[in-house]
Structure formats: structure tokens, C-alpha cells
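Small disclaimer: the values here were computed from a predicted structure and weren't measured.
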Amino acid sequence: MAVSMRDLDPAFTGAGQKAGLEIWRIENFRPAPVPKSSYGKFFMGDSYVILKTTASKSGALRHDIHYWLGKDTSQDEAGTAAIKTVELDAALGGRAVQYREVQGHETAKFLSYFKPCIIPQEGGVASGFKHAEAEEHKTRLFVCKGKHVVHVKEVPFARSSLSHDDIFILDTQSKIFQFNGSNSSIQERAKALEVLQYIKDTYHDGKCEIASIEDGKLMADAESGEFWGLFGGFAPLPRKTATNEDKCFDSYPTKLLCVEKGKAEPVEADSLTRDLLDTNKCYLLDCGLEMFVWMGRNTSLDERRSASGAAEELVHGPDRSKCHIIRVIEGFETVMFRSKFDSWPQTTEVAVSEDGRGKVAALLKRQGVDVKGLLKADPVKEEPQPYIDCTGNLQVWRVNGQEKILLPSSDQSKFYSGDCYIFHYSYPGEDKEEHLIGTWFGKQSVEEERASAISLASKVVESLKFLAAQARIYEGSEPIQFYSIFQSIIVLKGGLSDGYKNYVAEKQVPDETYQEDGVALFRVQGTGPDNMQAIQVDAVASSLNSSYCYILHSGSTVFTWSGGLTNSDDQELVERQLDLIKPNLQSKTQKENVESEQFWDLLGGKSEYPSQKIVRSAESDPRLFSCTFSNGNLKVVEIYNFTQDDLMTEDIFILDCHSDIFVWVGQQVNSKDRMHALTIGEKFIEHDFLMEKLSREASIYIVMEGSEPPFFTRFFSWDSAKSSMHGNSFQRKLAILKNGGTPTLNKPKRRAPVSYGGRSSVPEKSQRSRSMSFSPDRVRVRGRSPAFNALAATFENANARNLSTPPPMVRKLYPKSVTPDSSKLASKSSAIASLTAGFEKPGPARESNIPRSPKMNSGAPKPKPETNNKENSMTSRLETLTIEEDVKEGEAEDEGLPVYPYERLKTTSSDPITDIDVTKREIYLSSEEFRENFGMAKDAFHKLPKWKQNKLKMALQLF
């Protein structure tokens, strides 16, 4: 399409160059800029042009153009707005999507720009702008409709306007009432409260009373009586009568029309296909509620104006008042438009160039306008961040049939492609310990064990009272969080599970399970010591890639190969992984194009191989969807310009980031739907609602309200207090509204994310490490009691941090494991590990493992406390311990027992005291030393967060 200066209205000069909103009002048939202070204020007698510019992650600017028509605007002004929208699109390069918005029937996308609502005012430019706010306050009644965005319409102030199906807001001079119809939903009531807040702030300066009236309460309370008194007293509400607005267009037949010389003629075809659209013509696709105008790339500006006029004529009339006109350009069709066709190719070859946009940019540049926004910007290159504390504790199980086998710490980083794994990662949150339960499916794993892994992982989540986030991860599509948690991963061919072995036997295929003394080739990848992987690939030359480094071994012969496009960082990762795969063996260094014959012989000879790096699915701009799942069918509604307030506790939402899919489950969702959360995520990927070629192996996270991980909340301006509130959506927002806009807290407000050791939730590379298991041999700090130090060691062990170890030898220190390698632990550590494992056993078995004092009386056992009294029992035990310690103060002196210095009573003393009761070391202290040590312990204990105190109380069972 040719562009000339006469096509560019001066008012649009420089428009769309940066992300944000721009608005023009049609005045005397010309667009006039609206001041930013008046954005969201619309007059019923006017027409407006609205431009929304969005910057994508790729650096490109996307444009959506809307023209809004007030109910009292003139036909001439409406026509001018439509034409100016086409001109603005031409000025932006002819790629924008254009929407016609009619007062009272605006699209959800348009309303999302002006949350919570727009309330058009009477008057307009032609009538001298009659400002309603300048007059004395007038009592008004509004009806609110919408679950995600709210359409607000003023209705006559009369009882006959009320109904059981909707929500109404009565705005009086001294008080604002919200009337909730008995048939309205909780979500609609909650959204209407946002409108009430807007009215209070806009028309009352935030200073007036509010009241919520429930339909059917009659005169049960004073506020209900006051509300009905304004209508002359209570009377039954009339039944709602059907109107043209209630007309259903679901069965409206879709029709395709071709526009030629301003006339729309039907296109005869058995089915709608992409081939019907000619790049030299404009078409109308009439779908009832939507009228699409499709404009070919080779059409002129006049032809596009003519097609828009034809669409306006077709929807003119009272029976089509709710119809939206949406104009799209060839090559930039919306998902909604493409979905109307029976077949639409995944990729359509369209000659899309920068010519149009470049010509416009050149014209504006000559006028001295900065035009960088009209051209595609360079993508922002950022190193992906895990957004999770990487100092937590990790347990890993391998799935074997219907069972899970806990792996020792030395094997936690070794995954087989033929197996499935479950991992449980616990890490410090903002005010409590957070949990992530994940499943990892190898490429060669069998379906039976994948299903078993999901079932077993669900039981772990259930044991944590459904407060853990869940992840389903496929080999080759691992997210950054997974790599950061494990830090180092080795993926081996074959498998160890019965499922894989049975598959090999049944299908009579070769068993490729990795053999340490066999020939194996590993591709090494990653970004650093805290994110590195070694992936076993076929041991042939075609598996090489110039962008990677490799490890090749055959028995005791080891080669490292560096591609020509690698750097020193890549080569350092090879050295680190070599110490894990083949420690204590000397390797032979090979560089691309100067390899030895022995190297090629092990790979079966030379062959061609690629040089481009493997491109992983990138994270795209996140999009939020509300989900409804019934009878196996999934329906979704997109939420535009979303915020945390759009997450309703009664619903399930999907956050689509392309490479990762988050399924958010509200606290008020029923248990049946909650159990379908993973299925909902899988269905979303299967249907690919956005037609974005979602991978079937994209990672799926299930996030429970109140336990949102930081890698989910980063997409919002998150307020932890809101997600921790109780009650339904309406009750929560009403509480916030009555509390002056501040959420009422049910638990302490979360602090800034700080992990153990003072690290942030996204620590620097040099600081990322993971806390180790409790070490009973920890050197204790003077000034603390021995008992307190033993307990405190459960939480802090600064001497056992896993900092990145430089080559040539890396000893990976993993977090707590219930079954540590016995060969590497002292007998005392083994005993504690065995005792810890006993906590997962039933009550009687657990009791038999608890050590008893040699002097303990073997009397009748105490009755087991009830489960619901566990917290009280622990508190009581701690208090009892405190009392007993206080009584023991000076006991040695009173009973004539010898008194020893604190340093000689420590278990780590170089000169320990013998022949004493080791279970009561404190009784051999002097009164002064006892007060000094135990007093400090009590003070330190009470300064700890509540959740850490509870954990310490549970640890008391060890003593």
C-alpha cells in the first residue's frame, strides 16, 4: 500500500513510538489529542480514537487501534473516527488490529485499558461539554455486568430497574449502596465492588459511607431498610423481560463477503479456507457478534476505507448494536479470525516487508520527528533467572512400577532417559518454608510409569496439605528453575526401572543403558557451575556440534572435544563435568579440525555435523486465561492487561508463557476441579487456543493460592497479604474496601525475600549454594547452651555450604537426604539419619526409635497425645523444658556434684570430662554459666520466626 504525506493527519505525528496509551477526540472532523489527565473520561456525544502500543519481549512494538462511539454521537463524527483509524494504521505501517467500540458494548480488551470501568458522561464537543461533575450531586443508579471486566450502565432510579440477575450500585450524596441480585455470581459481586470504589474515589473524593445489600434480606438490618426506603419501601422485584440485548448469536451462520466498489457480495464456497482470500481484495467475515474486515496487503487506502464503510452499513440497526467490527491486515490476522476458518495453514507465505513502515518513518524523519519506535527494536537479551531460592533441601526418587525409590545424595543428579523421577525441593520463603514437588519424564520412559509418577507425586502434595507447587517436566524441555535447583545434571541413556526393562524385552530393542566401561559421548551445556548439564547422545560423529563441548570415553580412555564456536567458559564446564563422569582420569584434549585418528575411530569415523546452537523454546509475553472445565471440555476466556486482582479465589486460571504453563488454583475451588488441575493444563496445550504451536512437552506448573512461588508472582505486582486472606472474592474485597484499601492480614505480612545466610531469592552466581543436613559434630559457639546449639544446627550450618568448586575436582554437596551414603558418615551421623527416617513411620514405630535417657524410669508409657493437640503438646514440652532447666540451675552445688567449666562439658572439647551423665551436662555448670548460656538461648529462640520456632519444637523430640 502506497503511503503519502496527505494520508498522514498531523495529529498522528509521532504516534505509537513507545509503549502506552494515546487518545484523540474527533472535533470538527479532525482528531484532537486528549490530555492524559482526562484518559478514561468519555462523553456520550463524542467519538474517540484510542491507540494502545505494547512492547513485546522480542523488541517489536504491537499496536491495537480502537474507535469509540458514544450513543449520542453523530453519524458524521462516527464515520470520521472510522476513517481516521484506517489512516492511523497506515501511519504505523499497516499492521495494527482495529476495533469498533460502541458505548455499552465495548470489547473486554478495550475496557481493560480503563480498569475498573468507564462511566460515560452526558454531553460532548457539539453541546459545549456539559460537565456533570460541576452540578450538584445527583442520585444515580448503575447496573454492573461482567465477571472479568465490568460494563457499567446508568439506568432510571426506580425499583423497576432492579432485578435478581444483576448487581446495582446506588450512588447517593452520603452513602453508596451495592445491591447484589440473588442470581448474580460471587465474582460479579467482587468486580462490582471495584466500580463502587471507583465511584467513591471519583465523585466523593474517597469520603462517604458504603453498604452492601443482599437480595432477599428484606428489612433484616438497618442498611437494607435504608436502601429500600430510598425506593419508597420494599416490594417484590419484577421478572426480567427479554430484550434485543439478550438475543443470542451463537447459532448465527458465518458468512464471507467480498467488497468491490463499495459493495459486499457473498462468496460461495462449501467450506471456509485461507485460499478464498485474495491479497488484492478486501473481505467481510460476518460472525454475528463480530464483523471482521480482512484487508489484503496489496489493497489501497481507499479500498480499505470502502470496506470499512460496507461493514458499518451491515451492522447498522438496533438488532446488531452489540456487534464488534474488527479490522485485520493480511499476515497479521488475530487468533479469533483464524479460528473461524475450517483450515488455516500454520505458516502463510506473505510478502511482509518493512517498506510501508520505512516510508512512513522516512517522511516523519524529514519533519524532524524521532522515528525509532516505528522500526523494530533490537530484542532485549537477558540471562534467564530462576526466581527461586537455590539454597534449599532436595530429595529425589526414581519411579519403579508403582513404587518410588529414594536416591542417595551421590545419585541425585543422575537421570536416565528411560526412567521417571520425582523430586521434592523445600526452600525458605518470605515467612514460611515453601515446597516444589516435580516429576521428570525421560524421553524413553513408558506411559505406565509416567502415570505412576504423577499419582505418587500427588500423594506427596496431599501429605503437604496441597500447599506445595507442582511441576511436570519433560526431558529436553526443562525450565531454568529445574536446572538451578539441581545445579548439575547428567542425563544417561537407557533406564534402571522395571518399566524400561520390560519395554526393551517386549519390543526386542537394544538396551542402551549407560555402561561406565563402554563407549559414551556427552554434550556439555549450561551457563555456569550452578547451571550445567551433560547429556549423553549417540556416540557418532553426527552428534557433534561446533557450538558445544563434548566428553567421549571408552573404558579408561577419555577425550574432551571443543567446538570451534565455544569459549573458555564452555571449556571450564567440561572440566567440571569430567570430574563427575570420569573422576581421577587424565583426558586427551581435542579441538575441532585437529582431532586424532583414535578419536574418530571411537565415533565410527568422520561425518558431517551441525554448527548452530540448539534453540530452546523461549518465554513469550505472558497471557492470562480464566478456565471452565466440564465433562472433559475446557473453555477459556482471556484476561487482558491482567493484575493480581483478576485472580478470583473461586476459579482456575492459566498463565501462558509459551515455554511454561502455570495453572493457578484458587482456595475456594472445589476438590473435584482441583484434582483436574494437571488435566486442565494438558488440555490447554492440546487445544493450543492461541495457535502458537505450543509444545506438548511444555512444562506445566500447578500453583495453589496462598503458596505462589516467586517464579510465578514475578509476572504480577504481587501483594502477599491479598493471597493470604480468607473468604470468597466478594468478602475479601469488601473487607479491603472497608479497611481503607489495605488487606486485613490473617498472618504476618511477608518480608522481602531473604534466604538462609542472608541471600536474596535470586542470589548472585558466586553465592548460590544449598544448605546441608544437620551435623552433630558442628563446633558450637561460646555463649549458647549446648541444647540450643544442637537445635540451631538444624537451621544453620555455615561450614557446610556448597560453593562452586573450581576444577579439577568437584564434590557436589546435596541437601538433606533421608538415606545418605553410610560409607561417608560417622556412626553418630548414621544414627541421627536413621532416627530422622523414623519420623515418616507410623506412631508406634516412631516411638521405638526415640532415644531414652539411661536414667529414665521404665514405668508405664504415657498416652499418645491427640493429633489436634500436637501444637499445644510441643509448646507445653518446651515450657516444661524451660521450667526444668530453671530448677536445675545450681543443682550441682546443692547436691554436692562437681562443677566443671562450660568448655570442658562441650562434646567437641579437646579435654572432655568423663564419668558424668552425658544426657544432663547442664547440671554440672555453675549458676553463673548456666544463666549466661541458657538465658541467651531462650532470648534467641523467641526472636525466631514462628514457623522456625515450630520446627525447633519438633526437633525437641530428638532429646
Side-chain angles (χ1 to χ4, degrees), residues 39-44 68 71 101 103-122 132-133 137-157 161-215 223 227 230 245 626 639-650 722 728-741 743:
Y39 281 11
K41 184 184 295 184
F42 294 90
F43 288 91
M44 300 178 186
W68 185 88
K71 70 180 184 65
E101 309 285 353
Q103 179 183 336
H105 305 292
E106 296 86 356
T107 61
K109 175 175 278 192
F110 177 81
L111 290 176
S112 72
Y113 305 151
F114 308 102
K115 290 184 176 180
C117 65
I118 61 170
I119 302 179
Q121 301 179 34
E122 292 184 359
E133 66 270 20
H137 188 277
K138 174 186 173 184
T139 299
R140 297 183 296 173
L141 182 65
F142 301 95
V143 60
C144 301
K145 298 185 179 184
K147 179 178 175 181
H148 303 297
V149 293
V150 188
H151 288 87
V152 181
K153 179 182 178 182
E154 185 174 356
V155 294
F157 174 33
S161 297
L162 302 176
S163 75
H164 298 295
D165 301 316
D166 298 315
I167 294 139
F168 296 83
I169 293 177
L170 179 62
D171 178 20
T172 70
Q173 187 167 6
S174 59
K175 184 179 284 190
I176 307 174
F177 299 85
Q178 176 169 317
F179 175 81
N180 301 314
S182 57
N183 297 333
S184 62
S185 68
I186 295 294
Q187 297 92 321
E188 289 174 317
R189 299 178 186 189
K191 277 296 174 185
L193 278 177
E194 295 179 9
V195 177
L196 188 151
Q197 177 75 62
Y198 172 80
I199 293 173
K200 177 181 177 182
D201 294 339
T202 305
Y203 301 107
H204 298 266
D205 295 325
K207 300 174 183 177
C208 73
E209 296 182 37
I210 62 170
S212 174
I213 309 301
E214 295 299 319
D215 183 12
E223 289 182 335
F227 172 80
L230 293 170
E245 292 188 1
S626 172
I639 312 298
Y640 300 98
N641 298 295
F642 60 84
T643 66
Q644 181 184 355
D645 288 336
D646 290 311
L647 299 175
M648 296 285 191
T649 187
E650 296 81 17
K722 289 183 178 179
N728 60 42
S729 299
F730 174 73
Q731 292 167 339
R732 294 182 186 187
K733 291 196 175 181
L734 185 60
I736 293 174
L737 191 59
K738 290 188 174 182
N739 199 39

For this session: Find the distance between NZ (K145) and CZ (F168) and round it off to the nearest 0.5 Å.
Result: 7.5 Å
For this session: Decide yes or no for M648 and K733: does some side-chain heavy atom of the first lie under 4.5 Å from some side-chain heavy atom of the second?
Result: yes
Exercise. Roughly how far, to the nearest 0.5 Å, is CD1 of I639 from NE2 of H148?
Worked result: 4.0 Å
Exercise. Quick one: ring-ring contact (aromatic ring centres under 6.0 Å, His included) partners of Y113, sequence neighbours excluded?
Worked result: H66
For this session: Report yes if some heavy atom in the side chain of C117 is under 4.5 Å from a heavy atom in the side chain of F142; otherwise report no.
Result: no
For this session: Output all residues satisfying salt bridge (Lys or Arg N to Asp or Glu O under 4.0 Å) with K175, sequence neighbours left out; order by chain, then residue number.
Result: E209, E226
For this session: Please examine the side chains of I736 and L193, heavy atoms only from C-beta on, and report whether any two atoms are closer than 4.5 Å.
Result: no
Exercise. Does K191 come within less than 4.0 Å of E188, counting only side-chain N to carboxylate O?
Worked result: no
Problem set entry | Side chain to side chain, H204 and I176, heavy atoms closer than 4.5 Å | yes
Seminar exercise, completed: Rounded to the nearest 0.5 angstrom, the CD1-OG distance for I167 and S185 is 6.5 Å
Exercise. Got a sec, which residues hit salt bridge (Lys or Arg N to Asp or Glu O under 4.0 Å) with D645, two or more places apart in sequence or on another chain?
Worked result: K722
Exercise. Are side-chain heavy atoms of D646 and K115 found at a separation under 4.5 Å?
Worked result: yes
